[in-house]
Amino acid sequence: MKIWAVANQKGGVGKTTTAVTLAGHLVNQGERVLLVDMDPHGSLTAYFGNDPDTLEESLYLLFQGEGAESQEDPRELLLNTRFDGLRLLPASTALATLDRQLGSQEGKGLVMARSLARLEGEFDTVLIDCPPTLGILMVNAMAACEHLLLPVQTEFLALKGLERMMRTLQMILRARRGGLSHTIIPTMYDRRTRAAVESLQVLREKYGNEVWNSVIPVDTQFREASKQGIPLSIMRTSARGAQAYAALLYSLLNPGVDEPRLKLVTGYEQ
């Protein structure tokens, strides 16, 4: 069972879009996919028509009780979606209180890893949508995953957010047994703007091979897919944004192999 977490310590960079669109592509390939919403804002939960403000049974319940072993069976918390092969472990706004509630309780950084281990064999891939702040939830996601996806909008303020995220990653790696591979994903790329082109150049110069070798372009169809509660990769596979995520997925599943290149111009046009 592959477990990927999508994280950045800045909101609005495409974390939920990344998780949803990759999930849609995996479902199209016949995989059993679990989406895990660890963000108290509940954007992923709301995407599929659920209200994180009113949900009584959510991921929050996994953190009740003592130590890392949850008394709650994660299977009992899963929600179906309209799409065969795609299920959701939803968030509720109560997640925002966990850091205050749990304080420094022992073992709470491993709750998610232990809970997902109980689902081994039931899913092929788990995608975790992380909160944009460092706390018990992000620590749990990074302890549970085997690969970290770091979407970063191609604009300079987002690059600053990535710097914070990379410092957090180094801190987690010091505390974690074994390494944690990661991929930086340039998102919301608009080749018509000088800011996007220059930000992408800075990103590649600073982080080199840590950056995926293509980009996720600006595509208004992401917004339309969100309004309908359908992953763009299911709603319209021919959309340029869906195709970009298909190329990303190929690179994640086939590391070291050149993926089919998209016809995306990366130079600035006057």
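Please read all numbers here as calculations on a predicted model, not as lab measurements. Side chains are part of it too, since the values below use all heavy atoms of this structure and drop only hydrogens, waters and symmetry mates.
Not a single donor-acceptor pair under 3.5 Å links the side chain of His25 to the backbone N or O of Val20. Not one N or O on the side chain of Arg32 forms a donor-acceptor pair closer than 3.5 Å with the backbone of Asp84. Between the Thr16 side chain and the Ser43 main chain, no donor and acceptor come within less than 3.5 Å of each other. Arg87 contributes no side-chain N or O that, together with a main-chain N or O of Phe123, makes up a donor-acceptor pair within less than 3.5 Å. Side-chain atoms of Asp99 come within 3.5 Å of backbone N or O of Ile136 as a donor-acceptor pair. In this structure, Ser251 contributes its side chain and Leu248 its backbone to a donor-acceptor pair below 3.5 Å. No donor-acceptor distance shorter than 3.5 angstrom exists from the side chain of Arg82 to the backbone of Phe48, with no hydrogens or angles considered.
Minimum interatomic distance between Leu35 and Ala23 (heavy atoms only, all atoms of both residues): CD2-CB, 3.9 Å. Shown here for Pro231 and Gly24, the closest heavy-atom pair between the two residues is CB-CA, 4.1 Å. Taking every heavy atom of both residues into account, Met142 and Thr168 meet most closely at SD-CG2, 4.5 Å. Listed here is the closest heavy atom pair of Asn8 and Met165: CA-SD, 3.7 Å. Residues Leu79 and Pro90 come closest through the heavy atom pair CD1-CG, 3.7 Å. Across every non-hydrogen atom of Ala91 and Asp39, the tightest pair is CB-O, 3.4 Å.
Residues Leu203 and Val152 are in side-chain contact: their nearest non-hydrogen atoms beyond the backbone lie under 4.5 Å apart. Side-chain contact between Pro132 and Lys10: absent, with no pair of heavy atoms (C-beta onward) separated by less than 4.5 Å. With a 4.5 Å cut-off on side-chain heavy atoms, Met112 and Val36 count as touching.
For the residue pair Thr45 and Asn50, no side-chain donor N or O sits within less than 3.5 Å of a side-chain acceptor on the partner. Inspection of the Glu155 and Tyr189 side chains reveals no N or O donor paired with an N or O acceptor under 3.5 Å. Between the side chains of Thr154 and Ser199, no donor-acceptor pair of N or O atoms lies under 3.5 Å. If you check the side chains of Glu31 and Thr125, you find a donor sitting under 3.5 Å from an acceptor.
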Gln228 vs Tyr47, test: side-chain hydrogen bond (donor to acceptor under 3.5 Å, both in side chains). Steps then yes/no. CA-CA 8 Å; Gln228 297 189 36; Tyr47 195 106; over 6 Å; no
Do Val202 and Arg204 pass the side-chain contact (heavy atoms from CB on, under 4.5 Å) test, and can you show the C-alpha distance, the side-chain angles, and the key distance before you say yes or no? CA-CA 5 Å; Val202 169; Arg204 296 201 186 284; over 6 Å; no
Worked check of side-chain hydrogen bond (donor to acceptor under 3.5 Å, both in side chains) between Tyr245 and Ser233: CA-CA 8 Å; Tyr245 275 109; Ser233 42; over 6 Å; no
Please lay out, stage by stage, how Leu127 and Leu22 fare under the test side-chain contact (heavy atoms from CB on, under 4.5 Å). CA-CA 9 Å; Leu127 284 159; Leu22 289 175; 4.1 Å; yes
side-chain contact (heavy atoms from CB on, under 4.5 Å) for Gln71 and Gln64? Distances and angles first, verdict last. CA-CA 7 Å; Gln71 302 304 306; Gln64 307 311 299; over 6 Å; no
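Under the 4.0 Å criterion applied to side-chain N and carboxylate O atoms, Asp219 and Arg240 are not assigned as salt-bridge partners. Note on Glu122 versus Arg75: salt bridge recorded, some NZ/NE/NH1/NH2 to OD/OE distance being below 4.0 Å.
Exactly one of Asn140, Leu77, Leu116 qualifies for a side chain to side chain contact (heavy atoms under 4.5 Å, CB included) with Leu62. That residue is Leu77.
The salt bridge (charged side-chain N to carboxylate O under 4.0 Å, His left out) check on Glu224 picks up Lys227, with sequence neighbours excluded.
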